[in-house]
Amino acid sequence: MDFDAPIITDDDLPDAPHAAPVDPEAFVDSLFVDLTEPQKQAVLHTEGPLLVLAAAGSGKTRVITRRIAYLVAGCGVPPWQILSLTFTNKAAGEMRERVHKLLGASNSDGTESRATKGLTITTFHSLCARLLRRYAEAAGLKPDFSIYDSADQLALVKKAIAGAQLSTSNFQPRSVLTAISNAKNDLVDCEAFAMSASDFSSKCIAAVYRSYTKSLRQANAVDFDDLLLLVAKVLKQNPDVREDCRRRWQYLLIDEYQDTNKAQFQIASLIAGESTPDRKPNICVVGDPDQAIYGWRGADISNILDFEEHYPAATVVKLGENFRSTAPILATADTLIKFNKRRKHKPLFTSKLGGEKIEVNNCRDERHEGQVVAHWLKRMHEEGKQETDSDGENAVGGLSWREMAVFYRTNALSRVIEEAMREANIPYTIARGTSFYEREEVKNAIGYLRVVANQADSVSLSRIINVPTRGIGDTSYDRVEMVAEREGRPVLELMREVDRIPDLSSRAVNAITKFTAMMDTWTGSGAFMGAQVSATLADLVDRILKESGLEGMYKHQAATSKSETDAERLDNLAELVSSAKEFEQEYDPAADPGNDAGTNQVPPLLALLRAYLESIALVADADAIDPSQGSVTLMTLHAAKGLEFGAVAIIGLEEGILPHARARESEAALEEERRLCFVGITRAMRRLVLTASKYRTVRGITERTIPSRFLDELPREHVHRADQSDAYADLEGTRWGGSATGDDSQGGSGRDFPSTPSSRGGVSQFPPNSKVRHPQFGLGVVVSSTGGAQARVTVEFKGIGVKTLVLEFARLTRV
DNA sequence: TTGCGATCCCTTTTT
DNA sequence: GGGATCGCAA
């Protein structure tokens, strides 16, 4: 997990904030030695607005980190005056690490102390969450508010739709939520929305929006979009807050500026301050319009395109030289992106010579595609390791698994690739960071924690009130809720006055009394004080797991069902406890704005819990990418932005997938799809393959596909095409590569696909009922098998289930 | 109140 | 194909 730089007030810090390096001049010089002229220019420009147009792979992060280091070490800017904003925790974490490394080196005792103290490098959402805690009152919240995720949002919207007497078939919760979210990103709150609603449908949505907002506030909760919207509002309407922030952050830096939405733009502008003849705000934005891929989420590309209009004094620096990719990859990306009409032309160039052609592979179906990708990755892994390289040239040396990635347009495409990776025995990780916190058992546990932290959190309360079952079913809960709603008070509060609720069975009354008593023992009746209350966060989490009966429930399940997922659930709960412990160790109470001195004395445990829940709520998929694990990374194209890999495979280059079917409506959407493809291509350093399937099964229906138009937009001279879509290897027992019919000018057939037919003896070695061992799945019994070069064995593994494996790669051994 | 089976809708992409 | 939701039976 990842923690953000603390927000520290000016008073917390000494006047001379940065320690002088051993040899300051030499150190500052060292910041520039390996920079190009435009890069230097961007680093040196510290005062006044600056727009850095950074092409893919042009050393953008290097420029940003050097610039921060230069501000501190070269210009004597106190680190706490610098605010650097990114979109993902991962980007923020990396940037922080690199800056600390740079400045740490200048620190004589080697510790990360003053040189970076108070430096704020964080995400928009984290910053806003923190500001909202500090200025909760100005935003009409209590500082212990919950942050609702999309599942919570959906629950509330459903209620709101029902409450407005509308049917969910005419107003699909998801699309209503999208409408609300879009409005919020555009800084349109529910009142403004209602004012501008003219037709029936938008009037209905306005009503839902209003009631949704009301429920959120009643639950003392905000959704993701509120974090931005409310902070923008507070900054706009509250001069004191605005002044606080401006005084604190004199230097503002924003990465991926092309992806900012209206709310983020507003926040940045308000913190930076207006541009006047006597005042030039120190705002530096970095981005690339060609990598704008969040238009669907309200990102407004004109924020970056109109930067110079907004800040007339702005300096513009263009970073065009690419240091990442080989010439063919770069030429491919450049040729493709030129098909976008609404675009400022920006050359993309490299001084590198040579490099392999990129590959385009047409496959038969998605299974085949998976195998082709797996083979390709294996080839990349092994190439150059063998003494005689099949090509005899450009032996790049085998890439390790961690240097490779597979990208896809939609998450749904990952499954087939996963299967292929398993069958081919290639270690892989899927970049899905939220999945841990989305597990049922973890969500339940977090539900308890949320209610403990915020007693008004009705969505979480309704989630856990009867888990494990304790005799408070829907009917009883609804009865309490009805009264609570009528009185505008939290449900949990009404539960404490259970006698006042009509029509409750005595059993329910009993259960509710027991439940509130249990809550009170955890929170010390809300005071978080007293001998009974846990001292540490991990303690509290552990205790809640045990005393709520959650742990017992899953223990029972694990014991009776024997399926692996049930056993995993207990492990996950244990992991939650250790994650709490880990968080606790890194938590700095002085840095928590909710813990502000004097005004609102928050019991430390509650502050800790609150901060912990916040850190959980703001994790994203992309945060989980951890290349240290030595495995191939599987992720969506969106998640890939900002990363680089030695070898990249992009799958599903088909009309309807990439470009996505929903992009057909408008030219703008189509151009965004093309940028998405561009982003994927420019992640590759040395090798790139794009694949398409002739047939694809979507939602159980197999259909003939049309190759993506993007494939026609690639430069022929840099592309090696292979068509394997007519091969029937699996059925005939022949190899795939036989019938390449692509337009490959070299006339070769499908290259060296796969030239190692089955090893180790074939299926005859594994008759049905024989016992086998698999390196990953363990012991199993063969159920059936099919022969041929693509021979498969179906094996039932103990405790795992039935798997079908390609014999050639399965590394099965007879036991 | 709970548990299970039938049915329905789905899918961009994410903080 | 599959996950979520709903309705019905116990």
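Throughout, a chain's letter reflects where its sequence line sits, starting with A, and its residues are numbered from 1.
The CG atom of A:Leu676 sits 7 Å away from the C1' atom of B:dT13 (whole-angstrom rounding). Summarising the geometry, the separation between CG on A:Asp149 and C1' on B:dT14 is reported as 12 Å, rounded to the nearest angstrom. Nucleotide B:dT15 holds its C1' atom 16 Å from the NZ atom of A:Lys90, rounded to whole Å. As rounded to whole Å, 17 Å separates atom P of B:dT15 from atom CG of A:Asn182. Distance, A:Leu637 CG to B:dT14 P: 10 Å, rounded to whole Å. Straight-line distance from the CZ atom of A:Phe124 to the C1' atom of B:dT15: 12 Å, rounded to whole Å. In this structure, A:Asn89 atom CG and B:dT14 atom P are separated by 14 Å, rounded to whole Å. Computed from coordinates, the A:Arg174 CZ to B:dT14 P distance equals 13 Å when rounded to whole Å.
As judged by a 4.0 angstrom heavy-atom cut-off over every strand, A:Asn466 is placed among residues touching the sugar-phosphate backbone only. Contacts of A:Arg675 with the nucleic acid, taken as non-hydrogen atoms under 4.0 Å apart, are absent. Contact annotation for A:Ser150: no contact, since no heavy-atom pair falls under 4.0 Å across all strands. Residue contacts for A:Ser476: at a heavy-atom cut-off of 4.0 Å it reaches the sugar-phosphate backbone alone, with no base atom in range. Within the nucleic acid shown, A:Phe87 comes within 4.0 Å of sugar-phosphate atoms alone, with no base atom in reach, counting heavy atoms only.
Boundaries of the chain A contact region on DNA chain C are C:dG1 to C:dT5, first to last in 5' to 3' order (nucleotide atom under 4.0 Å from a heavy atom).
Remark: the backbone N or O of A:Asp503 is paired with a side-chain donor or acceptor of A:Arg479 at under 3.5 angstrom. Between the side chain of A:Asn454 and the main chain of A:Ala221, no donor-acceptor pair closer than 3.5 Å is present.
An aromatic stacking contact links A:Trp296 with the base of B:dT13, defined here by ring centres under 5.5 Å apart and ring planes under 30° from parallel.
Figure legend: cation-pi geometry between A:Arg133 and A:Phe145, with NZ or CZ positioned under 6.0 Å from the six-membered ring centre and within 45° of its axis.
Remark: A:Arg662 is not in phosphate contact with B:dT13, judged by side-chain N or O atoms under 4.0 Å from OP1 or OP2. In terms of phosphate contacts, A:Asn411 brings a side-chain nitrogen or oxygen within less than 4.0 Å of OP1 or OP2 of B:dT13. For A:Thr636 and B:dT14, the shortest distance from a side-chain N or O to OP1 or OP2 is below 4.0 Å. Of the side-chain N and O atoms in A:Asn185, none sit less than 4.0 angstrom from OP1 or OP2 of B:dT15.
Along DNA chain B, the nucleotide nearest to A:Ile472 and the one nearest to A:Glu673 differ in position, and the one closer to the 5' end is contacted by A:Ile472.
Judged purely by distance below 3.5 Å, without hydrogens or angles, the side chains of A:Ser460 and A:Tyr148 never pair a donor atom with an acceptor atom.
Annotation for A:Arg174: atom CZ does not count as buried by contact number, only 12 or fewer foreign heavy atoms lying within 6.0 Å. Heavy atoms of other residues, nucleotides or ligands lying less than 6.0 angstrom from NZ of A:Lys236 number 12 at most.
Of all nucleotides listed (B:dT15, B:dT2, B:dT14), B:dT14 comes nearest to the side chain of A:Ala639. In this structure, of B:dT13, B:dT11, B:dT15, it is B:dT13 that holds the atom nearest to the side chain of A:His638.
Between A:Asp290 and the choices A:Arg675, A:Arg674, A:Arg343, the salt bridge (Lys or Arg N to Asp or Glu O under 4.0 Å) rule is met once, by A:Arg343. Of the candidates A:Glu703, A:Glu369, A:Glu366, A:Glu369 is the only one forming a salt bridge (Lys or Arg N to Asp or Glu O under 4.0 Å) with A:Arg696.
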